[in-house]
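Taking it in order: structure first as structure tokens, then the write-up.
Count residues from 1 along the sequence.
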Amino acid sequence: MKKNVLITGASKGLGASIAKIFAKNGDNIIINYNKSFDSANLLKKELENKYNSKVLLVRADISLENEVK
């Protein structure tokens, strides 16, 4: 069964690695980023092309309650 996985700070580093693991398992990925749109978009394209994963990009600063809502 596919999961929908939200990964905060997923545009680079550890978050991107975690996103790749879930995508490899066939899950749908929601990539949260704040300032790194280019990195997030590159990761989105990689996950879609390499793993055929559905990926959604969401820009939000999760330290701000109004942006989380």
Side-chain angles (χ1 to χ4, degrees):
M1 172 182 258
K2 284 189 176 196
K3 299 176 204 164
N4 295 317
V5 182
L6 168 63
I7 304 169
T8 60
S11 62
K12 310 180 205 176
L14 185 59
S17 295
I18 292 168
K20 290 175 186 178
I21 291 169
F22 280 104
K24 189 176 184 179
N25 288 329
D27 297 318
N28 301 315
I29 311 297
I30 304 162
I31 295 174
N32 165 248
Y33 69 97
N34 186 23
K35 297 178 183 173
S36 302
F37 171 77
D38 291 338
S39 297
N41 198 41
L42 283 173
L43 178 61
K44 177 184 187 287
K45 290 178 183 180
E46 178 184 351
L47 299 180
E48 289 173 336
N49 293 330
K50 188 172 184 179
Y51 303 110
N52 200 30
S53 193
K54 291 184 182 178
V55 181
L56 175 66
L57 296 180
V58 177
R59 195 211 67 75
D61 181 344
I62 62 167
S63 69
L64 300 174
E65 183 179 355
N66 64 325
E67 290 196 22
V68 173
K69 288 179 181 180

Counting only pairs under 3.5 Å, give me each side-chain donor-acceptor contact of residues 8-21, with atom names and distances, residues two or more places apart or in other chains.
from: K12; atom 1: NZ; to: S36; atom 2: OG; distance (Å): 3.4
from: S17; atom 1: OG; to: G13; atom 2: O; distance (Å): 3.3

- Task: Could you go through the side-chain contact (heavy atoms from CB on, under 4.5 Å) check for L43 and I29 one step at a time?
- Result: CA-CA 11 Å; L43 178 61; I29 311 297; over 6 Å; no
- Query: Are F37 and I7 in one and the same hydrophobic cluster, where Ile, Leu, Val, Met, Phe, Trp and Tyr link if side-chain heavy atoms are under 4.5 Å apart?
  - Reply: yes
- Task: Report yes or no: do Y33 and I30 belong to one cluster of Ile/Leu/Val/Met/Phe/Trp/Tyr joined by side chain heavy-atom distances under 4.5 Å?
- Result: no
- Task: Check whether more than 12 heavy atoms from other residues, nucleotides or ligands sit under 6.0 Å from atom CG of N49, and answer yes or no.
- Result: yes
Scan the side chains in residues 57-69 for donor-acceptor partners under 3.5 Å anywhere in the protein, sequence neighbours excluded, and list what turns up.
from: R59; atom 1: NH1; to: N34; atom 2: OD1; distance (Å): 2.8
from: R59; atom 1: NH2; to: E67; atom 2: OE1; distance (Å): 3.4
from: D61; atom 1: OD1; to: S63; atom 2: N; distance (Å): 3.0
from: D61; atom 1: OD1; to: S63; atom 2: OG; distance (Å): 2.6
from: D61; atom 1: OD2; to: S63; atom 2: OG; distance (Å): 3.4
from: E65; atom 1: OE2; to: K69; atom 2: NZ; distance (Å): 3.3
from: E67; atom 1: OE1; to: D61; atom 2: N; distance (Å): 2.6

- Please list, chain by chain and in numerical order, all residues satisfying side-chain contact (heavy atoms from CB on, under 4.5 Å) with K50, sequence neighbours excluded. E46
- Message: Can you pull out every salt bridge (charged side-chain N to carboxylate O under 4.0 Å, His left out) where at least one residue sits in residues 25-44? Sequence neighbours excluded, please.
- Response: K44-E48
